[in-house]
Amino acid sequence: SQTIHQWPATLVQPVGSPLSLECTVEGTSNPNLYWYRQAAGRGLQLLFYSVGIGQISSEVPQNLSASRPQDRQFILSSKKLLLSDSGFYLCAWTRGKSGRPLHFGNGTRLTVT
Amino acid sequence: AQKITQTQPGMFVQEKEAVTLDCTYDTSDPSYGLFWYKQPSSGEMIFLIYQGSYDQQNATEGRYSLNFQKARKSANLVISASQLGDSAMYFCATGEAGANSKLTFGKGITLSVRP
């Protein structure tokens, strides 16, 4: 069966510090991968998605970036965090065919202080 | 572009009763899917049910059913026989039928089940 791992679960970082969140998927190959962000009490906003190694599409311009160095690894990064980067970050995967739901990791709660 | 609207304020339901959570959508895609997710206080997103735009019948998954009215662009979630564990945020989402499978989510509805 397929599983998705996301870490860390919680993170407190000062403004201006770098960020690296990692997500890996097991039990499948060539998944579509996604990074979503959820502000407190709000819906999910798609940040990045990837349909293959090295293929990254950005949905919202901001100081975050994403990379996919391996087939089942997706990394969310920032060189300098802003206060507005605080939120709940969720990684997700799917097989990429229509009608297939996204399967989410447990999320990372990021607080920028 | 796609848009999901969930405007209900916090919903309350008595245990063992049914509840309907509203969702309206807007999309220019001729073929699309509609999804419902549950988010308990722990934060994980749990997939509940899916409806394809060309599906002839409304989707059902155990106690969950989706009341799909294409002409009204609505995809309401019906939870039958509510349980205390159903207390959570519920999100409606839509995605175009295609390889990218990107989903657009609504702002969610808070459901509280009373004993």
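All values below were derived from every heavy atom in this structure, side-chain atoms included, with hydrogens, water molecules and symmetry-related copies excluded. A note on names: the letters A, B, ... follow the listed sequences, proteins ahead of strands, and every chain is numbered from 1.
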Sub-4.5 Å side-chain heavy-atom contact between A:Pro101 and B:Phe35: yes
Qualifying side-chain hydrogen bond (donor to acceptor under 3.5 Å, both in side chains) pairs, either residue in residues 103-115 of chain B, two or more places apart: B:Gln2-B:Thr104
Contacting region of B:Gln51 [heavy-atom separation from chain A under 4.5 Å]: neither
[Y] reachable from [X] in the ILVMFWY side-chain graph, under 4.5 Å edges:
X       : Y       : value
B:Met45 : A:Trp93 : no
B:Leu21 : B:Ile4  : yes
B:Tyr25 : B:Tyr90 : yes
A:Ile56 : A:Leu64 : yes
A:Leu33 : A:Leu46 : no

For B:Lys102 against A:Tyr49, the heavy-atom pair lying closest together: CD-CE2, 3.1 Å
B:Tyr37/A:Phe104 aromatic ring centres below 6.0 Å: yes
Which of B:Gln39, B:Glu44, B:Met89, B:Gln6 touches chain A most, by non-hydrogen pairs under 4.5 Å: B:Gln39
Spacing of CZ belonging to B:Phe91 relative to CG belonging to A:Leu44, to within rounding of 0.5 Å: 6.0 Å
Reported CZ-to-OG1 distance for the pair B:Phe47 and A:Thr94, which is rounded to 0.5 angstrom: 9.5 Å
Chain B contact via A:Gln38 - side chain, backbone, both or neither, heavy atoms under 4.5 Å: side chain
A:Tyr36 side chain to B:Leu103 backbone, donor-acceptor under 3.5 Å: yes
Residues from residues 79-92 of chain A approaching chain B under 4.5 Å (heavy atoms): A:Phe88, A:Leu90
